[in-house]
Amino acid sequence: MGKMTEKDNIRNFSIIAHIDHGKSTLSDRLLELTGALTAREKVPQFMDKMAIERERGITIKAQTARLNYTADDGKTYVLNLIDTPGHVDFSYEVSRSLSACEGAILVVDASQGVEAQTLAHLYTATDVGLEIFPVLNKIDLPAADPERVKAEIEDVLGMDAKGAVLASAKEGIGIRDILEAIVKRIPPPRGDRSKPLKALVFDSWYDTYLGVVIQIRVFDGAIKKGMRIKFLATGKTCEVETVGVFSPHPRKAEELGVGEVGFITAGIKEVRDTDVGDTVTGADNPALAPLPGYKKVKPMVFSGLYPVDSSQYGPLKDAMDKLRLNDSSFSYEPETSLALGFGFRCGFLGLFHMEIIQERLEREYGINLITTAPTVVYRITVQGGTVVHVENPSKLPPAGTIEKFEEPYILASIHVPTEYLGAVLGLCEGKRGSQKEIKYLTTARVLVAYELPLNEIMLDFYDKLKTATRGYASMDYEYLDYKEGDLVKLDILINGQAVDALSVIVPRDRAYYRGKEIAEKMKEIIPRQMFEISIQAAVGSRIISRETVKALRKNVTAKCYGGDITRKRKLLEKQKEGKKRMKQVGRVELPQEAFLAVLKVG
Amino acid sequence: MLKTSGRQKKDTLGIYVHIPFCKRKCPYCDFNSVAAVGDGWIAVGTPEKEYAESVLMEFSSIAEREGLGERIRAVETLYFGGGTPSIFSPDTIARIIGGIRRVIPLSDNAEITLEVNPETVDGKKLRGFRDAGINRLSIGIQSLNPTELKTLGRLHSAEKAVEAVALSRDAGFKNIGVDIMFAVPGQTFRGWEKTLIEITGLAPEHVSIYGLTVEKGTPYHGLLKKGELVLPSEGLYADMYRCGARVMKENGYARYEISNFALDGFECRHNMRYWLGKDYIGLGAGAHSYLGLSGQGLRWWNEPSPGRYMEMAGKGLSPSAGSETLKVEEEATERIMLGLRLKEGIRENEFIERFGSPPAEFILRWKELNELGLIRAEDGFIALTQKGILFSNEVF
């Protein structure tokens, strides 16, 4: 069992980097050099445990590793590396993980320089008051230009880059320098052991054997086995069963004291009892005030998930139950669609979160899914003053009964090099945005703040922003309130029959263009069948656009003799698989992409 | 009491011999064939004797390995396909037929077919084939329109094609099939109808009517992608197919398979074996074999390169390049995809006996297909309708 460490010998830090600037490789090197990982365990990118994380090169869950490092000054330090999730949907989780640290390493590719994604996290890190120092990675590459990139860091980020550490995680260059800089430049944690326990929950997940495992950072006091604790936000009280650290494998500890990072288990069955950002305190001697920054995370984006094969409804539910054990921000309710049958209306933090969940359901649980276009939650006041929240366009009350139609807005903060400012403004204006602020951070970078309907950024905003700024813009957003809008429901009719799962809510003045675009896109997606298929877009009873998928005139194989059979059979089996993945609406077979056509236009 | 009878030789066999040589490769052809240096009617550069010996070596090995001697009563059908098998000399063909029957007897009324390209034969050679034992010819006429023949890269003229049929008759062949093609670039509906009528004028016993299909890897595919080749529209394809079926019917040829028409009693028995799932052995480069009646279906296929095939088979090694043992559902898929090509379709009882449930259960969206009028169940058979033929890939 590990002993508590003196807080002066603790350094808690995170690594901030653009997606392929070498964060994972650097983490691996730090683990190796401090002996936390043996050579046998050196799976590349140890910190990214989920297959999806490794493939996409991003981190979804926060991971921590406790490293023991004997510095040049002869003292042994405990360095807690706290890895952060890497996407804007998880910006709140990122802010909590960063709050558990005193410092951060900013990793910049020595040839590519500062890139957009780095910025959002960097600003969050600055906001929570971290000490940050830059590391120029990949200095072994021929294209590396450390002087230019240093100038860029000073210019663009306004950071002192004179002391930047030069490194190559791949070649193992400069790793010790980084460890020294962590010890020397990042301050030790402060806090008071004699005060009541105050620890920050920055992640939690469900483990089949242990129940919910909670990652915490102790600010004041200490936590040990057998202690009765209380979660200030959720109000839950329980008894600590295990205390431990990740080094990086889980290892039990006697207690966690001021400044320490580790995990506890307390017989908790559900992740949603352990909100990220909540404060853990002693049940008998509680702290008076919680740690700052807590927010209740709510799903903001909803979409319908339906099994392609209706017999997979049960397995889908089981799979979602399991996923929710580990993800309190994911919600679902049973829902029925005329077109798609029985399924679920699911809530997500954002589009990326939605993609991850879908991908896990399909890959880890082997369920073929049809996903409807994501939507926000609309607030509708109907005649008589009743307010309803609608998270499925097909459930909208009849147009004539709606008194007030409101949609959620966000405040988007976009950091962009000045040369792309015009493009960003154009994009935001085109998405019904209203400008709140333009601030020059340096001569080369601008902060643009816009109020935008959440609905508008859900469709293709990121892609457009990336394209318009060649990837140099970074964006973060926060939720504002609801605002009234002139909105209508756009229905899509296939062979005259409205398909509920294809309905979308759009601003009235855009309905014509959206309808036209969706119908055109559907025409491309729906394969020709033995009869003509009409695709119509309608608002109420008014048809605003019509496209036709021409009938197939023949689909026949002229020759099939002894040598053709195996090949033809395999082709047929493949086609059948494809057909099984289609949904039938009337007689028309719709491929899965058809239900997302609305995403691919606009 | 159980009768302890010895194993009865009750099975029959079809044998396909692939001759992968041509004088020139046609631009639409994706069959396994190589162009041989040709001079006159026999391609000088073709190692036909060596190839024939390899084929016979291969057959002996298979017969031994699969115990064909004990199981097979007789070879019912023998088919020389290609490539252009008629570039081989009658002697070589005779040698192969003789070599095969030394291992397993040919039944008295065995169907022995040779594919013939018009430009490779004259009266003498055809008589030679007749004497060698060939009793059915399949003549690759393809078209009687000079422009189309040129487009298709064929080496014969329309006159030569007509002459080849006449010479075959003179040589004593009483069972002649011809192949013709529609949906050829540049072909018109009228032109197609004219070819059909001229073909019936030649009075073959059997007509195969193939819609041109552009397969990947052929020069045609490249031209199509570059936009230098324009195929008739789907609508015209469908119309041409229906026209073919009509002209055939008017002249007494019944459609017995999607692309095959014959006078009564002249259906190609060899090809029927494929569609009915009966056993066949394919000999030669790239040939496929299927042995299924003994229980689980086994299929294997040969090394496609003639050179490597001869090297392996000639040494007594198996020239097989791959094989598969069919799972029950794969076998069922094949039975449906092949059985439905036939006019009579699939006999439900037989299917249920073999696979445990009716064919409809293996056909995706059977009900809709039925409602759309593509398939029908009648008198214990399931078959494609007239309309279903043109959409058969949607059904299978």
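Quick note on labels: first sequence line is chain A, next is B, and so on, each numbered from 1.
- For B/L212, no part lies under 4.5 angstrom from a heavy atom of chain A.
- Contact of B/D239 with chain A is made through the side chain alone, with heavy-atom distances under 4.5 Å.
- Neither the backbone nor the side chain of B/E331 comes within contact range of chain A, judged by heavy atoms closer than 4.5 Å.
- Among all heavy-atom pairs drawn from A/K516 and A/S545, the shortest one is CA-OG, 3.5 Å.
- Neither the backbone nor the side chain of B/E329 comes within contact range of chain A; no heavy atom of the residue lies under 4.5 Å from a heavy atom of that chain.
- B/E394 touches chain A through backbone and side chain together, each having a heavy atom under 4.5 Å away.
- For B/Y16, no part sits under 4.5 Å from any heavy atom of chain A, backbone or side chain.
- Electrostatic pairing of A/D321 and A/K317 counts as a salt bridge here, judged by a charged N lying under 4.0 Å from a carboxylate O.
- Only the side chain of B/L326 comes within less than 4.5 Å of a heavy atom of chain A; its backbone N, CA, C and O stay farther away.
- Neither the backbone nor the side chain of B/I336 comes within contact range of chain A, judged by heavy atoms closer than 4.5 Å.
- At a 4.5 Å heavy-atom cutoff, the contact between B/D30 and chain A is made by side-chain atoms alone.
- Both the backbone and the side chain of A/K568 have a heavy atom closer than 4.5 Å to some heavy atom of chain B.
- Expressed to the nearest 0.5 Å, how far CD of A/Q497 lies from CD1 of A/I492 amounts to 13.5 Å.
- Heavy-atom minimum distance, A/V556 versus B/S392: CG2-OG, 3.3 Å.
- Of all the listed residues (A/M530, A/Q529, A/K554), the one sharing the greatest number of non-hydrogen pairs under 4.5 Å with chain B is A/K554.
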